[in-house]
2 protein chains.
Amino acid sequence: MRQDTFARIEGAIRKLDYRPSQAARQLKTGRTPILGLLVPTAANPSFGQLAVAMENFAQERYGYRVLLCNTYRDKQLESRMLDDLIDFGVGAVVVVSSLSDERHIEAAIERGLAVVSFDLGVEPDAQIRNDHVLADNRLAGRLAAMHLIEHGHKRLAFLVPRGQTMSRRHKVEGFLAAAEEAGSGVSAEIIESDTLSKFGDTELCSLGFESAEKILQMKRRPTGVATVNDMTAIGLMAGIRRHGLSVPEDISVVGMDDLVMSAYVWPPLTSVSMPVTEMAQKMVDRAIQHINTPGLRPEQITFAPHLVSRQSVGAPPGARKPAQRNHAKQS
Amino acid sequence: MRQDTFARIEGAIRKLDYRPSQAARQLKTGRTPILGLLVPTAANPSFGQLAVAMENFAQERYGYRVLLCNTYRDKQLESRMLDDLIDFGVGAVVVVSSLSDERHIEAAIERGLAVVSFDLGVEPDAQIRNDHVLADNRLAGRLAAMHLIEHGHKRLAFLVPRGQTMSRRHKVEGFLAAAEEAGSGVSAEIIESDTLSKFGDTELCSLGFESAEKILQMKRRPTGVATVNDMTAIGLMAGIRRHGLSVPEDISVVGMDDLVMSAYVWPPLTSVSMPVTEMAQKMVDRAIQHINTPGLRPEQITFAPHLVSRQSVGAPPGARKPAQRNHAKQS
DNA sequence: TTGAAAGCGCTAACAT
DNA sequence: ATGTTAGCGCTTTCAA
């Protein structure tokens, strides 16, 4: 193109301050620079962090924006959202740990949507039908158990909300496996808490809070308990205090997610940290690649978590001295 | 339309499973069922909650979806986002408390975008150029101060992050006014903390944490301090503990926002609660109304906050017995 | 009551 | 190197 033609056009653009219509462009090309993101709820800061990390990278790197949808882990809503996104011309979506049944997602894939599942493993035998980006959740469970065991705990427990996701199941498996391997006298139990409302992820704190009673009433009360996420762990610690016991003196607690806030609560929460930012970036990369190269082969990409040790884990009560309980309330 | 024609069409729709293209529809009608939402960062759970409340209502009530953008309170980013939203054909946007300068927002309004400002007051003399939905922040500040005063505190302080927003300014004004009115021996100071990074809202906790030192070194150390939000308050409490003092025995703390998590931290945080859900719904209502009736007159709508009393506020040290400090660390 | 056609603002393919 | 044109899939208006 000639210099002056270019200048002339530039001038016109400026003068009319012309901005291309995305709608028209999309109608022509069939694509729109938007990525979908389905999370249980943005009110849970761990998903909030994920959303921010994705939005940031998608924008900086590819000029894509992110359309955020809260699914409340509701299958109905989820598939309506998927449909809507397709109607908007969105080409790729990141779906965060829906409950295990994926039929509605497969339907969306059939209709041409590229989907990247977050934190949802694939059954060993099953064929991978779309990308999966996830933390090594078995390792996460294992890290939690090992940390507790290293501190001398023999009676472990793992607290999970009722709704099963694959990531939760894997965490449980890893936790149990590590306890088993520790052998001699180490026992581990799974405590399934009831979720009442469907807005499960907002009530994660209260769920942990209420589970405290259940745990404290067990005949062989555990001295070290892990939870699937930090919100639940924080609620659990509050519940334990409410019953007059303290963390970690009476019961040690380890969470998962390593929320920013977890370092500031009392006691500072020991937690299994997931590399959220890297995972977010990988998901965006994959999503865009799928848009650009239709036939792309689905992959499963796993990231390793690591444990961040703070002060919610200590020695079990009576580790040295003969068993003796401390009823002093924190204050 | 005749019965059978209708049936025939329905049948075709089903058979081809036809779904109208939003892009084409938008190109024709000039509108798209999407609302924009600009927040400092979705990683801050208070904005996460807001986003959820809006998304929920917009979808249920009007069939609109929400496009969430994280601004980091960065003017540059903010206006790029506004431009993008206009290009996408978005008709209305909710903007959460940008720093005071609103020129870029006015530019967007000029270009036909309807904007609803959240938590951003209008200067008394200034003309209202767009909708404003906000909490009565002066009242919020006042409630915090009064609560402290009722518990016998004489030396108050209010902790604010450096970046000025109108809502922060109003909180400060209310706080100061209430202290003033209490008269006799009640003093109040403003402590402005430095924010280092531009990602201010993610680091709110650490900001509170680091401000503890500043507060504890004051010659006439305050016994009751309020903060602009719960994240900062939680960080502050952690900082106070770090220096060997406890909340509320040595220093009482009151936050603002009343995050779900605030009830579960230790000590449970007393906080000024804003009616987020109602505000979110009002904003969506206004946004849609602006889209449907172009000439609509801008309004300023204020919601009253209320104080939720928990355990982070107590009597000042030495209220009964002669001054005596408690150096016991919580545990 | 139904069918036909114009045109929204772009992009891609083609003609100059 | 530049200009022209068809058509993406709808809605709206007008004709039958």
Side-chain angles (χ1 to χ4, degrees), chain A residues 1-36 59 62-65 67 80-93 107-108 110-114 288-295, chain B residues 1-36 59 62-65 67 80-93 107-108 110-114 288 290-294:
Chain A
M1 192 188 299
R2 236 165 41 213
Q3 276 280 317
D4 60 321
T5 329
F6 185 78
R8 195 158 49 87
I9 299 197
E10 279 269 283
I13 289 180
R14 190 127 340 146
K15 187 154 58 188
L16 310 174
D17 76 330
Y18 167 82
R19 314 220 90 218
S21 145
Q22 288 294 336
R25 177 173 287 175
Q26 177 191 348
L27 187 56
K28 185 64 196 169
T29 63
R31 30 181 61 207
T32 185
I34 294 184
L35 252 31
Q59 171 60 28
Y62 299 104
Y64 270 60
R65 308 238 85 119
L67 192 59
R80 238 206 315 280
M81 286 165 181
L82 256 11
D83 287 348
D84 275 18
L85 289 171
I86 293 175
D87 296 347
F88 277 122
V90 168
V93 173
E110 220 91 302
R111 294 177 53 205
L113 189 67
I288 301 285
Q289 278 175 50
H290 275 288
I291 290 174
N292 294 334
T293 42
Chain B
M1 190 189 298
R2 237 165 39 214
Q3 276 281 319
D4 60 321
T5 329
F6 185 78
R8 194 160 47 87
I9 298 195
E10 279 268 282
I13 288 180
R14 191 125 340 146
K15 187 156 56 190
L16 311 174
D17 76 330
Y18 167 82
R19 314 221 90 218
S21 145
Q22 288 295 336
R25 177 174 288 175
Q26 177 189 349
L27 186 56
K28 187 63 197 167
T29 64
R31 29 181 63 205
T32 185
I34 295 184
L35 251 32
Q59 171 61 27
Y62 299 104
Y64 270 61
R65 307 238 86 119
L67 192 58
R80 240 207 314 279
M81 285 163 181
L82 257 10
D83 287 348
D84 275 19
L85 288 171
I86 293 174
D87 296 348
F88 276 122
V90 168
V93 173
E110 219 92 302
R111 295 177 52 204
L113 189 67
I288 301 285
H290 275 287
I291 289 174
N292 294 335
T293 43

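No experiment lies behind these values; they were computed from the predicted model shown. Naming convention: chains lettered A, B, ... in sequence-line order (proteins, then strands); numbering from 1 in each chain.
To the nearest 0.5 Å, the span separating CD1 on B/Ile86 from CD on A/Gln22 amounts to 12.5 Å. Taking CD1 from A/Ile34 and CD1 from B/Ile34, the interatomic distance works out to 5.5 Å, rounded to the nearest 0.5 Å.
Taking atom CD1 on A/Ile86 and atom P on D/dG9, their separation rounds to 16 Å, with Å as the unit.
Protein chain B contacts DNA chain C over a range whose 5' and 3' limits, counting nucleotides with an atom under 4.0 angstrom from a non-hydrogen atom, are C/dT1 to C/dG9.
The side chain to side chain donor-acceptor pair (under 3.5 Å) check on A/Arg111 picks up A/Asp83, with sequence neighbours excluded. Listed by chain and number, the residues in a side chain to side chain contact (heavy atoms under 4.5 Å, CB included) with A/Ser21 are A/Ala23, A/Ala24, B/Leu27 (sequence neighbours excluded). By the side chain to side chain contact (heavy atoms under 4.5 Å, CB included) test, A/Ile9 pairs with A/Ile13, sequence neighbours left out. Under the rule for a side chain to side chain contact (heavy atoms under 4.5 Å, CB included), the partners of A/Ala92 that lie at least two apart in sequence or sit in another chain are A/Leu35, A/Ala114, A/Ala287, A/Ile291.
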Tabulate atom names and distances for all N/O pairs under 3.5 angstrom spanning the protein and nucleotides 10-13 of chain D.
from	atom 1	to	atom 2	distance (Å)
D/dC10	OP1	B/Tyr18	OH	3.2
D/dC10	OP1	B/Ser21	N	3.2
D/dC10	OP2	B/Tyr18	OH	3.3
D/dC10	O5'	B/Tyr18	OH	3.3
D/dC10	O5'	B/Ser21	N	3.2
D/dT11	OP1	B/Arg25	NE	2.6
D/dT11	OP1	B/Arg25	NH2	3.1

Listing time: all N or O pairs from protein to nucleotides 1-5 of chain D that are below 3.5 Å?
from	atom 1	to	atom 2	distance (Å)
D/dA1	OP1	A/Met1	N	3.0
D/dT2	OP1	A/Thr5	OG1	2.1
D/dT2	OP2	A/Arg2	N	2.6
D/dT2	OP2	A/Thr5	OG1	3.2

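Summary of helix geometry: the two end axes of the helix from C/dT1-D/dA16 to C/dT16-D/dA1, each defined by five base pairs via their C1' atoms, are inclined to each other by 50° (rounded to 10°).
In terms of modelled atom types and a separation under 3.5 Å, the side chain of A/Gln26 and the main chain of A/Phe88 share a donor-acceptor contact.
Residue B/Gly63 comes nearest to B/Pro33 through the heavy atom pair O-CB, 3.9 Å, listed as atom of the first residue, atom of the second, then distance. The heavy-atom pair separating A/Tyr64 from A/Thr32 by the smallest distance is CE2-O, 3.8 Å. Counting all heavy atoms, side chain and backbone alike, A/Ala108 lies closest to A/Leu82 at CB-CG, 3.9 Å.
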Problem - Residue pair B/Gln59, A/Met81: steps toward the side chain to side chain contact (heavy atoms under 4.5 Å, CB included) verdict - result: CA-CA 10 Å; B/Gln59 171 61 27; A/Met81 286 165 181; 6.0 Å; no

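Sorted by first then second residue, the salt bridge (charged side-chain N to carboxylate O under 4.0 Å, His left out) pairs that include residues 13-36 of chain B, not counting sequence neighbours, are A/Asp87-B/Arg19, B/Glu10-B/Arg14.
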